[in-house]
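Data first, discussion second: the structure below is written as structure tokens.
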Amino acid sequence: MINRRVLEKANVKSQLADLEENVKFLANAYQIALNERAQLGSIENDQGFRRMIWRAASTASVAVVVLAAWWAAHKFGIPLPLMRIPVSGW
């Protein structure tokens, strides 16, 4: 007859091996999730930077268009509403 303790030790060793395999699997899955989260953070930061550049460029271009219109109106003597500088004074 096989000793009961021998069977229990074999069963425990088998369970420990399964546990170790599961822990390694979970550690690997956790590392993959961390890497994906870091990549998403990097992508979001890049998108935020692009958005900021786009807003600055569009604001600057609108300002250039408005100032160019005011300059052209002043050059050709066209009075604009809300313009406090007299056209004939320059």
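The structure displayed is predicted, hence computed values, not measured ones.
Summarising the local packing, CD of E21 is surrounded by 12 or fewer heavy atoms from other residues, nucleotides or ligands at distances under 6.0 Å.
A distance of 10.0 Å separates CD1 of I43 from CD of E36, quoted to the nearest 0.5 Å. If you take CG on N45 and CG on L40, they are separated by 11.0 Å, rounding to the nearest 0.5 Å. Put simply, CD on E20 and CG on L16 are 8.5 Å apart, with the number rounded to the nearest 0.5 Å.
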What donor-acceptor contacts under 3.5 angstrom involve side-chain atoms of residues 58-69, with partners at least two apart or in another chain?
residue: S58; atom: OG; partner: W54; partner atom: O; Å: 3.1
residue: S58; atom: OG; partner: R55; partner atom: O; Å: 3.1
residue: T59; atom: OG1; partner: R55; partner atom: O; Å: 2.8
residue: S61; atom: OG; partner: A57; partner atom: O; Å: 3.2
residue: S61; atom: OG; partner: S58; partner atom: O; Å: 2.8

For residues 26-34, please give each side-chain donor-acceptor pair under 3.5 Å, one per line with the distance, not counting sequence neighbours.
none

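Grouping Ile, Leu, Val, Met, Phe, Trp and Tyr residues whose side-chain heavy atoms lie under 4.5 Å apart, directly or via other members, places M52 in a hydrophobic cluster with F49, I53.
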